[in-house]
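Structure first, commentary second.
When a residue number appears, it is its place in the shown sequence, counting from 1.
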Amino acid sequence: MISAPPPSRNSPCPCGSGKRYKDCCGALGTAPAAHAAGRTRDPQALLAQATGHHQAGRLDEARALYEEVLAVDAGNAFATHYLGVLAMQRGDLDAAVERLEASVAMRPDLPAFHANLGLCRRRRGEIRAAIDCQARACELDPRSAEAHSNLAVALQEDGRIAEALAEFGRSLELDPAHAEAHYNRGLALLSIGDYARGWEEFEWRARCREFAPRNLVVPGLPPWRGEPLAGRTLYVRVEQGHGDTLQFARFLPALADRAARVVLEAASGLTEILRSVDPRVTLVEPGAFPAGIDCYVNLMSVPRWLGVGLDAIPNPPPYLAVDEAKVRRWRERLAGPAGRTVGIVWGGNPAHHNDRNRSCTLAALSVLLDLEGHRWFSLQVGPRARELAQLAHPRLVDLGPELATYAETAAAVSALDLVVSVDTSVVHLAGALGRPAWVMLPKAPDWRWLLDRGDSPWYPSLRLFRQKTAGDWRPVVEAVREALRRTPAA
């Protein structure tokens, strides 16, 4: 029998889904008749279609089909679980944990169910519960490198670094090429000051799913790996946040000493302040790739190839400079009654993967604002600046609308006596300028702040205040308040 030709790509799909063939069975390689039958009677066929959409990133279609599975088979653990995964991907963690817990109750024997519930718990800040979930996944599948890596990350966030390193080791014994385990082990090693091994493991980020959109590998252009650069042009790529760029900009003079020419990617808001690092460095828009490039390096890989150790961090602050005319204007702008002038920041970039832990609220800092002898200025920009309207305090002046660039913010910071902030790019700016800043850190801080110390080898002008309990900012803010009360203004 001669089979009928397949439908045209833009014609309605014969399965009756109401979609075009190219977006339905044509995309999934499914027979329309089987799909049509599955749509009404076969939950397994429906589930297969749903997971196909899910894997392809068509989340709305996947959700509709998962719900259709549950309409046919209300106790389907997989549809329930994947709806929970979808909710987690969309950021609805409350709905996600409800679905994921339900699926674990239905199928407690499946390690992946426990693992995904653990990931959701960790995103909600429920670290101890996340550890329990990931430990159960390891018990059910002790040969899973992914399970041990997930457990290690949860232990790392609970500050149990030695245990985390042991679990990363188990993961890599099972799968020596597990990129996420290598990368996260690198973060753990850096956090304890083991820079020799930490930088090496940190390089595995280029192979991680999380970093895939950042294109850390440049096709057709050789990477620089520490070899001599005499007579060559080196292209330095930015890859992460503005704070990372400000912190690692200190290495540019060392690169300029080695190469005939250094070209640095710089976002528009950073261009003016980065020009002050070294006049030999050419700044271009990210992705510009001007002619004549010989090799490239990702900015955060530079310390590895320079052999940077904890006791030998080059180019100490201040390595950024500010336009003195701007500083004078800001001093005039901030002039007023006697008292210490303090800039505050309570939130970082909401898109940052750890922003829920590292940021607080303006309300959490409100107890500082009534402290006598202090004048307060908000340096907050972005969506969280809206909190100023909710907590209109007569002693807090909003400078955010005037801070269009980091050069302007640098001038304001230079005119203030002190900055009090959570872990944001503003503290990197203050530190790179050599200006005093007090940094409020979560219980599981970013690797660069190390552990259990009140100072930073990267920025001698900074003082660190650390959470004892995850999510509890009150003791941190009280410690800052007491330190302000006891420390005389300069």
Side-chain angles (χ1 to χ4, degrees), residues 55 77-78 81-82 84-85 88-89 93 96-97 99-101 103-212 216 304 353-354 356-357 442-447 450-451 470:
Q55 291 167 359
F78 290 94
H81 185 79
Y82 294 140
V85 173
M88 181 164 56
Q89 289 176 293
L93 300 183
V97 78
R99 293 280 194 180
L100 295 172
E101 283 185 330
S103 69
V104 166
M106 296 174 192
R107 291 295 304 271
D109 59 314
L110 296 179
F113 282 21
H114 292 274
N116 284 330
L117 177 57
L119 291 175
C120 190
R121 291 289 192 195
R122 182 163 65 84
R123 291 189 188 181
R124 280 165 51 109
E126 300 164 355
I127 302 302
R128 299 298 174 86
I131 290 171
D132 291 343
C133 291
Q134 302 299 357
R136 182 57 180 153
C138 288
E139 291 173 5
L140 291 168
D141 189 3
R143 301 295 300 169
S144 169
E146 185 77 8
H148 288 287
S149 178
N150 287 336
L151 175 56
V153 171
L155 290 165
Q156 187 175 351
E157 290 202 10
D158 197 39
R160 296 155 64 177
I161 302 299
E163 294 173 72
L165 288 171
E167 287 297 328
F168 283 131
R170 293 185 184 99
S171 175
L172 292 170
E173 286 175 5
L174 295 164
D175 179 6
H178 195 294
E180 281 75 14
H182 277 291
Y183 165 63
N184 285 306
R185 180 164 72 170
L187 296 180
L189 290 167
L190 291 172
S191 76
I192 60 173
D194 187 346
Y195 281 8
R197 291 192 298 161
W199 295 130
E200 183 176 354
E201 292 286 72
F202 189 63
E203 285 299 292
W204 280 82
R205 69 195 183 284
R207 307 188 194 184
C208 293
R209 294 182 294 270
E210 174 189 348
F211 287 84
L216 299 187
R304 181 193 180 187
H353 71 94
N354 195 40
R356 178 185 50 78
N357 288 321
K443 183 176 187 293
D446 197 69
W447 64 267
L450 301 165
L451 303 173

Practice task
Calculate, to the nearest 0.5 Å, the distance between atoms CG and CZ belonging to L151 and R136 respectively.
Solution key: 13.5 Å
Which donor-acceptor pairs under 3.5 Å do side chains of residues 170-177 form with protein atoms, sequence neighbours excluded?
residue: R170; atom: NH1; partner: E167; partner atom: OE2; Å: 2.7
residue: S171; atom: OG; partner: A145; partner atom: O; Å: 2.7
residue: D175; atom: OD1; partner: A177; partner atom: N; Å: 3.1

Handout entry: Residue pairs involving residues 188-204 (criterion salt bridge (Lys or Arg N to Asp or Glu O under 4.0 Å); sequence neighbours excluded)
Key = R185-E201, D194-R197, E203-R205
Problem - Nearest heavy atoms of A188 and L165, plus distance in Å - result: CB-CD2, 3.8 Å
Practice task
To the nearest 0.5 angstrom, please state how far the CG atom of L100 sits from the SG atom of C120.
Solution key: 5.5 Å
Completion exercise
Taking every heavy atom of I131 against every heavy atom of L155, the minimum-distance pair comes out as CD1-CD2, 3.9 Å
Problem - Those residues that, when tested against R124, pass side chain to side chain donor-acceptor pair (under 3.5 Å) (two or more places apart) - result: D94, E126
Completion exercise
d(F202 CZ, N184 CG) to nearest 0.5 Å is 10.5 Å
Handout entry: Validation row: L451, I161 side chains within 4.5 angstrom (heavy atoms)
Key = yes
Problem - Worked verdict on L119 versus N116 for side chain to side chain contact (heavy atoms under 4.5 Å, CB included) - result: CA-CA 5 Å; L119 291 175; N116 284 330; 3.7 Å; yes
Exercise for the section: State, with a plain yes or no, whether a side-chain heavy atom of D158 is found less than 4.5 Å away from one of Q156. Expected result: no
Practice task
Could you please spell out the steps behind the side chain to side chain contact (heavy atoms under 4.5 Å, CB included) verdict for R207 and Y183?
Solution key: CA-CA 9 Å; R207 307 188 194 184; Y183 165 63; over 6 Å; no
Exercise for the section: With rounding to the nearest 0.5 Å, note down the distance linking CZ in R128 to CD in E157. Expected result: 12.5 Å
Practice task
Measure across A130 and G118 and return the closest heavy-atom pair with its distance rounded to 0.1 Å.
Solution key: CB-O, 3.4 Å
Fill in the blank from the handout: Residues A147 and S144: closest non-hydrogen pair is N-OG, 3.0 Å
Problem - Spacing of N150 atom CG and C138 atom SG [to the nearest 0.5 Å] - result: 8.0 Å
Problem - Pairs touching residues 138-182 that satisfy ring pair (Phe, Tyr, Trp, His ring centres under 6.0 Å), sequence neighbours left out - result: H182-W204
Practice task
For residues 104-119, pull every pair meeting salt bridge (Lys or Arg N to Asp or Glu O under 4.0 Å), keeping only residues two or more places apart or in separate chains.
Solution key: R107-D109
Exercise for the section: Grab the two heavy atoms, one from P442 and one from N357, that are nearest each other, plus how far apart they are. Expected result: CB-O, 3.5 Å
Problem - Close side-chain approach of E180 and V153, heavy atoms under 4.5 Å - result: no
Exercise for the section: Any chance you could lay out the side chain to side chain contact (heavy atoms under 4.5 Å, CB included) test for V85 and Q89, step after step, and finish with the verdict? Expected result: CA-CA 6 Å; V85 173; Q89 289 176 293; 4.0 Å; yes
Fill in the blank from the handout: Nearest heavy-atom contact between I127 and A154 is CG2-O, 3.5 Å
Exercise for the section: Show your reasoning for whether side chain to side chain contact (heavy atoms under 4.5 Å, CB included) applies to I192 and L450. Expected result: CA-CA 6 Å; I192 60 173; L450 301 165; over 6 Å; no
Practice task
Sorted by first residue and then second, give each ring pair (Phe, Tyr, Trp, His ring centres under 6.0 Å) pair with at least one member in residues 103-138; sequence neighbours left out.
Solution key: F78-F113, H81-F113
